[in-house]
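To start, the structure under review is shown below, and the notes come after it.
All values below were derived from every heavy atom in this structure, side-chain atoms included, with hydrogens, water molecules and symmetry-related copies excluded. Below, read A as the first sequence line, B as the second, and so on, with proteins coming before strands; counting in each chain starts at 1.
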Protein chains: 2
Amino acid sequence: MARKTGSRAEITGPLIRRAALSLFSRHGYAAVSMRRIAAEVGVQAGTLYLYTSDKQSLLFELMRNHMEELLTAWSREPKGEEPPARLAAFVRFHIRFHLERPEAVFLAYMELRSLVPENFARIEALRQRYEDALADILRAGIAAGRFQIADLRLATMSIIAMLTGVNTWYRDGGRLSREEVGEIYVEMVARLVGPDRGAAPDLGVLGER
Amino acid sequence: MARKTGSRAEITGPLIRRAALSLFSRHGYAAVSMRRIAAEVGVQAGTLYLYTSDKQSLLFELMRNHMEELLTAWSREPKGEEPPARLAAFVRFHIRFHLERPEAVFLAYMELRSLVPENFARIEALRQRYEDALADILRAGIAAGRFQIADLRLATMSIIAMLTGVNTWYRDGGRLSREEVGEIYVEMVARLVGPDRGAAPDLGVLGER
DNA sequence: GCTTGGCATGAACGCCCGTTCAGTTAATCT
DNA sequence: AGATTAACTGAACGGGCGTTCATGCCAAGC
């Protein structure tokens, strides 16, 4: 028979990570003390060291966990065959995934400079793999004559930047749903990469709103 | 007769602001102590308080100064008449201005959360005015039938995000000059906002590289 | 009922923080 | 030469920092 509840440790660990994520993302790594994290969880500062070796590791594990979830989730995403469909899938996935975990996204973008060099390199490598996933789609689309792109790297960085930018302004309960935002971005990104209009929805549908 | 050199105070003040900008942007506001800024300038910590009322004001003045320079510079920029030309001017201006002062840009984007609410609101208002400048161009282009845009706000945010993103990867001495990057972005933004191809340079020119 | 061991405490360590201010220096003015 | 003043020092204030560790608690296993 299964346990009804986990041991205390099995609960406290995640609680610490959740509190650290929330506080780090709101106030910044350097501005949040171990004592403040502990207070949020309801324990003393010393207790944190039963679950993490030090403050830097706590930050690094949060960021690594986020980046690995991102890569895993994208690898499991249904993507379609043709480059335009794959690109549309990437846009929808990116917006949905990032809007689901705004704190982790904010942390991963803002606290890179708080990582010691070794940890920075590891996170950077994971981020690079994600960028490459998009670049691969664009490259395939160029090769297939479906995209018209002046510079692959600049197009890649532009798309990532505009998609991630959604997190800075989107609020639930606003004018547009997440899905509506996703569809408008699918359209804008499709224009950005070239003249192929085959797989993109007709603008008129969105224009009617 | 005019003074040969300024008084010490006229030199030390700017030195403090420059050191604070550099350190804040590299390590973050919370991670930089007043003593460290003072050491960079070559004075004792107490001296800083002859030039700023406190650490928060030092940060706020740096951010406010940056945002006001941004708005002033844009207001003085030659812009052209037609919306497509104005949009291209905005793109070129944004990239040029931001690449000229990466530290201030980084600070203004990363340290908003370190501002007390009153200062945050003031910086936010300045940023809003800049966004509005772009939104006004897009609105005029829609009204003139030159742009085809599904959602004005989303297009505005997308363009700002992709342009500001240049600062995260551009390095002098790299594959492309600032001007080349600017022209490629002019082209990508032109596609984003609609089918009007009149004012945009032919892609072939860039494609030849 | 007693022992074991996982879990948490809370005091302590040495250090750094933002800010103040009485006192010192050195240039300028009369 | 002496007075004035702007510029800066360096010590001090109260407090918080990350981290360690001897000690205690209490539920689980015998």
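For the pair B/Thr12 and D/dA7, the criterion of a side-chain N or O lying under 4.0 Å from OP1 or OP2 is not met. Checking the phosphate oxygens (OP1, OP2) of D/dG10, a side-chain nitrogen or oxygen of B/Gln44 falls inside 4.0 Å. A close approach under 4.0 Å does not occur between any side-chain nitrogen or oxygen of B/Tyr51 and OP1 or OP2 of D/dA7.
Take A/Phe120 and apply the ring-ring contact (aromatic ring centres under 6.0 Å, His included) test, not counting sequence neighbours, and it matches no residue.
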Check: residues 29-39 of chain A side-chain donor-acceptor pairs under 3.5 Å, at least two apart:
from    : atom 1 : to      : atom 2 : distance (Å)
A/Tyr29 : OH     : A/Gln56 : N      : 3.2
A/Ser33 : OG     : A/Arg36 : N      : 3.1
A/Arg36 : NH2    : A/His27 : NE2    : 3.2

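D/dC21 atom C1' lies 11 Å from atom CG of A/Leu50, rounded to whole Å.
Checking A/Arg26 against A/Ser22 by side-chain atom types alone, a donor-acceptor pair falls below 3.5 Å.
Within residues 17-25 of chain A, no residue has any heavy atom under 4.0 Å from DNA chain D.
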With B for base contact, S for sugar-phosphate-only contact and - for none (protein heavy atoms under 4.0 Å), nucleotides 14-21 of chain C reads ---BBBB-

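Under the 30°/60° scheme for interplanar angles, the aromatic rings of A/Phe93 and A/Tyr130 are found to be tilted. Between A/His98 and A/His94, the angle of the ring planes stays under 30°, which puts this pair in the parallel group of the 30/60° scheme.
A/Ala135 approaches A/Leu152 most closely through the heavy-atom pair O-CD1, 3.8 Å.
Identified under the salt bridge (charged side-chain N to carboxylate O under 4.0 Å, His left out) test for residues 93-122 of chain A, with sequence neighbours left out: A/Glu69-A/Arg101, A/Glu77-A/Arg96, A/Glu111-B/Arg113, A/Arg113-B/Glu111, A/Glu118-A/Arg122. Among pairs with a residue in residues 170-191 of chain A, none fulfils ring-ring contact (aromatic ring centres under 6.0 Å, His included), at least two apart in sequence or across chains.
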